[in-house]
Amino acid sequence: MSFAREASRAVRSTLVLWVLTAIIYPLAMIAFGQLVFPFQANGSIIQNAQGEAVGSILIGQPFTSDRYFNSRPSTTNYSTANPQEDEAGVLKTGVSGASNLAPSNPALLDRIQGKSDPDPEKAIEGDLPRLQQAGVKPTHDLIYTSGSSLDPHISLAGAAAQIDRIAKARGIQPNQLGGLIRQNTDGRFLGIFGEPGVNVLKLNLALDALNPVP
Amino acid sequence: MLQGWIQIALTLLIVLIVTPILGGYMARVFFGERTYFDRVLIPVERMIYRLSGVRSQIEMTGWQYIRAVLISNLVMAVFVFTIFMFQGVLPLNPTGLGAPTWDTALHTAISFVTNTNQQHYSGEVTFSYFSQGLALGFLFFTSAATGIAVAIAFIRGLTGRTLGNFYTDLVRSITRILLPISIVGAIALVALGVPETLADPVLVPTLENPTVQQAICPCPLPILKSSKNWAKTVGGFFGINSAHPFENPNGLTNLIQIVAMISIPSALIYTYGIFANNRKQAWLIYGMVFGIYLVFIGVAAIAEYQGNPAVNVLLGSQQPNLEGKEVRFGWSQSVLYAVTTTGTMCGAVNSMHDSFMPLSGAVMLANMFLQIIWGGQGTGTAYLFAYLILAVFVTGLMVGRTPEFLGRKIEKREVVLTSLLILLVHPIFILIPSAITLAFPDQLSGISNPGFHGLSQVIYEYASAAANNGSGFEGMGDATLWWNLSTSISLLAGRYIPITALILLAEGMSRKPVVPVTAGTLRTDTGLFTGVTAGVILIMGALTFFPVLALGRSRKPFKLPEESNL
């Protein structure tokens with residue numbers, strides 16, 4: 001067979017398969033998703049009573065204050081930025097990322113236990129001292145960063161460790177918080193696959209509903 | 001701890017159940033027998049053949065088959081490269097991205113056409129929706145289908161049949177295997193929360209501090225995603241892949257993805273058993289791979305469960321290493337995913353491999369060195385049989401019998417093709433470029449982690465390229481001209497040299513006369529022979545890569561506690 005015929009066959013089959021796998025298939029799937037599962041297909045966005053979007057149940061948000069259950073440390077601060085100072089363009093596309101620090105990397109230990117430096121720019125606060133100062137017994141999920149930097153969950157132990165601090169800051173009973181944690185825990189699939197995690201955004205929204213910001 | 005092991009065991013049980021079902025189905029597809037979707041698919045396939053000018057019934061010789069693979073893949077790569085360079089003027093580009101640098105576009109096109117899907121860029125800020133969905137999404141299918149077609153041609157030749165027609169196998173792999181599974185997968189994933197939209201990112205004020213806004217990007221995911229796993233690939237719209245909650249929101253999606261990655265390469269071994277009419281041998285080989293896979297999972301799981309000793313000291317108790325891992329997966333699902341993705345050359349990750357404990361990292365490297373702990377779509381199975389042929393040769397030498405495989409003599413040509421072109425290409429294109437890179441650490445390497453781990457980053461990158469794996473120790477600064485071009489060479493050599501040799505080997509075998517089985521025949525479907533094969537595989541892997549492992553990786557587990565005091 002001549003080379004020209006072989007080439008023409010390659011080009012034509014490339015175009016035909018391209019139309020099939022890159023145009024027909026994805027468009028059919030997008031149409032299906034939008035029609036049958038519109039909530040999931042648009043990012044599982046939840047709204048408040050006023051109908052404004054407050055976040056996605058699948059994506060974590062940064063929480064560091066005493067009044068909220070803190071989320072895991074994040075290398076991208078949960079894809080957030082102040083719109084006035086967003087030079088890196090975080091809000092244009094959204095970002096995700098991870099530390100990619102090897103277990104042997106000294107930078108990992110510096111980040112966890114903090115590092116003092118005469119130059120305040122270079123000093124690192126450290127997640128461990130921060131938690132200890134706040135009276136929270138550190139758990140592994142609260143000191144290690146996640147793979148996506150958007151992890152919506154903390155572990156059950158990590159949530160339980162924060163109960164006393166939040167009860168004190170908000171002046172509510174610790175036992176009320178235990179119930180909230182249970183209600184906002186995403187369990188394993190069939191009780192078997194994956195690990196249970198407390199959805200921090202949902203939990204904190206429930207917390208605000210129980211004890212509104214004055 | 002026990003709960004984690006139960007999850008792993010049940011996942012593997014599901015894989016075991018899927019194997020004979022999918023393997024039997026694939027055998028029927030490639031025998032041209034009746035299958036479920038005939039009524040719909042036969043007219044569709046006829047139309048595809050007519051539009052592309054393929055005469056589907058015509059058998060190809062070895063060189064015709066190889067030329068068809070090379071020319072079609074070249075056309076696909078050029079097509080996709082062109083799309084990348086013109087993405088600035090193409091639609092579906094809401095964030096106004098311009099053309100990437102030529103070397104990034106070249107590396108990406110080669111990486112995806114070789115079914116490697118190694119990424120030297122971050123998805124969100126380099127490629128538009130058009131490039132990701134309509135160019136890369138296309139290659140997810142065709143590159144996996146190319147691998148499956150080659151594996152089937154190889155199995156056909158090995159079992160004494162003619163090789164078949166590349167375009168027919170390519171089209172059938174897509175219409176009858178990859179597309180149906182992808183459609184089911186995409187529906188399942190979107191139902192479970194994976195977004196499917198072409199909308200722009202959503203901006204929300206954060207709850208704690210409303211002056212700060214969060215960008216949520218529910219970009220077109222599962223269309224890439226399901227083809228991604230089933231068609232084996234990293235891709236992913238997000239630089240971070242399946243750790244992203246939008247790509248892998250819960251335990252069920254994770255389970256689906258793991259089964260998806262492993263099902264085709266494992267089922268192909270069963271398909272071979274049907275073609276060779278020797279299911280016992282297929283299950284023995286399957287058992288061998290499964291055994292090595294189990295050991296690898298065990299080693300990595302224990303390492304992650306025990307956690308980082310330097311951090312455990314600070315925590316005051318032993319807790320699993322969760323750096324770069326998601327809470328919803330924990331140590332067990334992260335390990336299972338990592339060992340599976342590196343073993344099946346999938347390259348999707350649900351946790352960051354760079355941050356795994358040293359022993360787990362060694363397991364992932366071993367996966368890529370061996371290439372057969374399930375292996376890539378199609379090609380992995382073919383490599384497995386290349387090892388088998390080598391084992392036949394070695395045992396034949398040991399006992400002084402003429403080596404035969406499936407009744408056909410193994411002679412000089414087979415041994416040269418197997419050892420030189422299939423199995424040795426791999427270390428050559430890992431170790432030589434690694435040595436060059438490490439000789440110029442400041443100019444070339446872009447290492448981000450100090451000490452032994454830095455060396456491992458370089459080895460991992462080339463191993464991932466030559467094995468057409470695609471995962472990486474992502475901390476490394478690899479978006480440079482040197483990395484793009486040098487890994488491109490490893491990618492091409494690691495894919496097309498072995499494919500060429502496999503087809504030639506298969507054709508040669510199919511032409512040989514069958515020697516009748518006698519009492520003197522060395523049987524290849526016994527436990528003893530399978531054990532010898534495992535030995536050959538592990539010794540080959542060990543001898544080739546131990547020197548470089550001794551320099552980097554294997555010293556780390558012993559060194560780690562002291563290093564933390566530095």
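Each chain gets a letter, A, B and so on, in the order its sequence line appears, and its residues count up from 1.
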Identify which of [options] forms the greatest number of heavy-atom pairs closer than 4.5 Å to chain B.
options                                  : answer
Asn48(A), Leu20(A), Val198(A), Val36(A)  : Leu20(A)
Ile112(A), Asp141(A), Val54(A)           : Val54(A)
Ala107(A), Gly187(A), Pro73(A), Gly55(A) : Gly55(A)
Asn82(A), Val16(A), Ile192(A), Leu15(A)  : Ile192(A)
Asp186(A), Thr139(A), Asn204(A)          : Thr139(A)
Ser79(A), Gly197(A), Gly33(A), Ala31(A)  : Ser79(A)

Chain A contact via [X] - which portion, at a heavy-atom distance below 4.5 Å:
X         : value
Ile187(B) : both
Leu252(B) : both
Val54(B)  : both
Phe329(B) : backbone

Quick one: pull up [atom1] in [X] and [atom2] in [Y] and give me the separation to the nearest 0.5 Å.
X         : Y         : atom1 : atom2 : value
Thr145(A) : Met352(B) : OG1   : CE    : 10.0 Å
Leu322(B) : Leu142(A) : CG    : CG    : 10.0 Å
Leu139(B) : Trp18(A)  : CG    : CH2   : 11.5 Å
Thr175(B) : Leu17(A)  : OG1   : CG    : 9.0 Å
Phe189(A) : Ile256(B) : CZ    : CD1   : 7.5 Å

Heavy-atom pairs under 4.5 Å with chain A are the metric here; pick the option from [options] that has the most.
options                                    : result
Ala135(B), Gly193(B), Gly330(B), Pro249(B) : Gly193(B)
Gln319(B), Lys325(B), Glu326(B)            : Glu326(B)
Ala215(B), Ala145(B), Pro210(B)            : Ala215(B)
Ala191(B), Gly316(B), Gly53(B)             : Ala191(B)
Ile6(B), Leu179(B), Thr142(B)              : Leu179(B)
Ile71(B), Leu74(B), Leu207(B), Val212(B)   : Leu207(B)

Is a donor from one side chain sitting under 3.5 angstrom from an acceptor on the other, for Ser99(A) and Glu323(B)?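 Yes - a donor-acceptor pair under 3.5 Å links their side chains.
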Verify the distance criterion only: is there a donor paired with an acceptor across the side chains of Thr80(A) and Gln213(B) at less than 3.5 Å?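 No, no side-chain donor-acceptor pair sits under 3.5 Å.
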Looking at every heavy atom in both [X] and [Y], which two are closest together, and how far apart are they?
X         : Y         : answer
Asp354(B) : Pro103(A) : O-CD, 4.1 Å
Glu6(A)   : Arg67(B)  : OE2-NE, 3.0 Å
Ile59(A)  : His244(B) : CD1-CE1, 3.8 Å

Please say whether more than 12 non-hydrogen atoms of neighbouring residues, nucleotides or ligands are located less than 6.0 Å from NZ in Lys115(A).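 At most 12 heavy atoms, drawn from other residues, nucleotides or ligands, come within 6.0 Å of this atom.
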Measuring heavy-atom distances to chain B, does [X] have an atom under 4.5 Å in its side chain, in its backbone, in both, or in neither?
X         : value
Leu58(A)  : both
Pro196(A) : backbone
Ile23(A)  : side chain
Phe32(A)  : side chain

Residues Leu314(B), Leu109(A); criterion side chain to side chain contact (heavy atoms under 4.5 Å, CB included); working and verdict: CA-CA 9 Å; Leu314(B) 301 173; Leu109(A) 285 175; 4.0 Å; yes
Val190(B) and Met29(A), any side-chain heavy atoms less than 4.5 Å apart: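 When only atoms from C-beta onward are counted, Val190(B) and Met29(A) do not touch, as no gap falls below 4.5 Å.
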